[in-house]
*Asks:* 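Mind having a look at this structure? Questions to follow.
Side chains are part of it too, since the values below use all heavy atoms of this structure and drop only hydrogens, waters and symmetry mates. We count ligands from 1, going down the list as the structure has it; atoms in each ligand are counted the same way.
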Amino acid sequence: MTENQSKVQELAQKSFARNDPTGWFEELYSTAQGKESAIPWAKLKVNPDLATWIEKQNLLGQGKNALVVGCGLGDDAEALAKLGFGVTGFDISSTAIAWCQQRFPNSEVNYLVDDLLQPTKVNQHKFDFILESYTLQALPSSVRPQGMKTISQLIAPGGRLLVICRGRDLDEPATELPFPLTKAELAYFEALGLKQIEFEDYLKQEETYTRRFRIEYTLANEK
Ligand SMILES: C[S@@+](CC[C@H](N)C(=O)[O-])C[C@H]1O[C@@H](n2cnc3c(N)ncnc32)[C@H](O)[C@@H]1O
């Protein structure tokens, strides 16, 4: 484990022990002091699993709006804006949002501080496309259903949700961050009124191979 990864585990464990499932994100971003290398998930480029999906779908955003959940340093939000979507990117960390605004001063993206678990701003709208990549897996399982519920309520009629996350089987433990999701946990989206369009389960080569799920949903009551 790298020094950065150990720091993340430590900050998160302390935050969880205080019964604060999300406080560690702002601590991590603010103590990074503008160094992207201190943020383990910040790759400063669009997520390749989003990029390949966009290409496969020939995704176009003209006249549509999109929401990026836990947008981090903004690269995925910027990629969707380039496709023509009117994009809102939100994050619980005010430092992350200020960082996005600094990195992309001429951005068309509406960057907002909001909390997926208790939204006050993003829930004023519905979205044609929602991207959730790697935020649910950074939340403890006790609050993940609340996050999934919020996401499902923000999809516009005819809209789509793309979830990208680490994956595991039920009998595999998830003891440290990021917590890979199981298919059973993700099935809660269907209980919330969504329908799976495609479920991809694959290995991704990083430092080692890691299992990923990439799932596309729509509202269940649509054809
Ligand atoms: C693991 S990072 C992933 C960032 C980005 N989505 C990516 O794919 O690189 C999770 C992000 O979600 C944000 N986040 C965590 N809990 C959140 C919440 N309850 N509401 C909004 N954002 C949250 C964190 O601050 C962090 O930027």
*Asks:* With heavy atoms of G72 as the reference, note each atom of ligand 1 found under 4.0 Å away.
*Replies:*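 Those of ligand 1 that fall under 4.0 Å from G72 are 27 (O).
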*Asks:* Does any N/O atom on I92 come nearer than 3.5 Å to any N/O atom on ligand 1?
*Replies:*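 Yes: some nitrogen or oxygen of I92 is under 3.5 Å from one in ligand 1.
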*Asks:* Hey, can you tell me if F189 and Y217 have their rings parallel, tilted or perpendicular (30° and 60° cut-offs)?
*Replies:*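 Tilted: the ring planes of F189 and Y217 meet at 30° to 60°.
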*Asks:* Is R166 paired with E172 through a side-chain N to carboxylate O contact shorter than 4.0 Å?
*Replies:* no
*Asks:* Hey, looking at atom 24 (C) of ligand 1, which of F25, W99, W24 has the closest heavy atom?
*Replies:*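 Answer by nearest heavy atom: F25.
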*Asks:* Do E216 and K56 sit within salt-bridge range, that is, some charged N less than 4.0 Å from a carboxylate O?
*Replies:*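 Looking at E216 and K56, the cut-off is not met.
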*Asks:* Look at the rings of W41 and Y29 and say which category their plane angle falls in: under 30° parallel, 30 to 60° tilted, over 60° perpendicular.
*Replies:* perpendicular
*Asks:* Just jot down the ligand 1 atoms closer than 4.0 angstrom to any heavy atom of T22, in number order.
*Replies:*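 So the answer, numbered in order with elements, is 16 (N), 19 (N).
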*Asks:* Give yes or no for whether the N/O distance cutoff of 3.5 Å, strictly under, is met between F90 and ligand 1.
*Replies:* no
*Asks:* Using only atom types and a distance under 3.5 Å, with no angle test, would you say the side chain of Q5 pairs donor to acceptor with the backbone of T2?
*Replies:* yes
*Asks:* So does E10 pair up with K14, basic N to acidic O under 4.0 Å?
*Replies:*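 Salt bridge between E10 and K14, a charged N being under 4.0 Å from a carboxylate O: yes.
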*Asks:* Under 3.5 Å, N or O to N or O, is C71 touching ligand 1 that way?
*Replies:*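 Between C71 and ligand 1 (N or O atoms, distance only) the closest approach is not under 3.5 Å.
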*Asks:* Is it the case that the side chains of K121 and T88 hold a donor-acceptor pair, with the cut-off being a distance below 3.5 Å and no angle test?
*Replies:* no
*Asks:* Is there at least one pair of N or O atoms, one from D91 and one from ligand 1, spaced under 3.5 Å apart?
*Replies:* yes
*Asks:* Between T210 and R212, what is the shortest heavy-atom contact and its length?
*Replies:*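 Minimum heavy-atom separation between T210 and R212: OG1-NH1, 2.7 Å.
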*Asks:* Taking distance alone, with N or O pairs closer than 3.5 Å, would you say D115 contacts ligand 1?
*Replies:* yes
*Asks:* Pairs of nitrogen or oxygen atoms closer than 3.5 Å, one from Y134 and one from ligand 1: do any exist?
*Replies:* no
*Asks:* Quick one: does N47 get an N or O within less than 3.5 Å of an N or O on ligand 1?
*Replies:* no
*Asks:* With heavy atoms under 4.0 Å as the rule, classify the contact between L116 and ligand 1 as side chain, backbone, both or neither.
*Replies:*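 The answer is both.
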*Asks:* Of the side chain and backbone of V68, name the one, both, or neither that has a heavy atom under 4.0 Å from an atom of ligand 1.
*Replies:*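 Neither; nothing of V68 gets under 4.0 Å from ligand 1.
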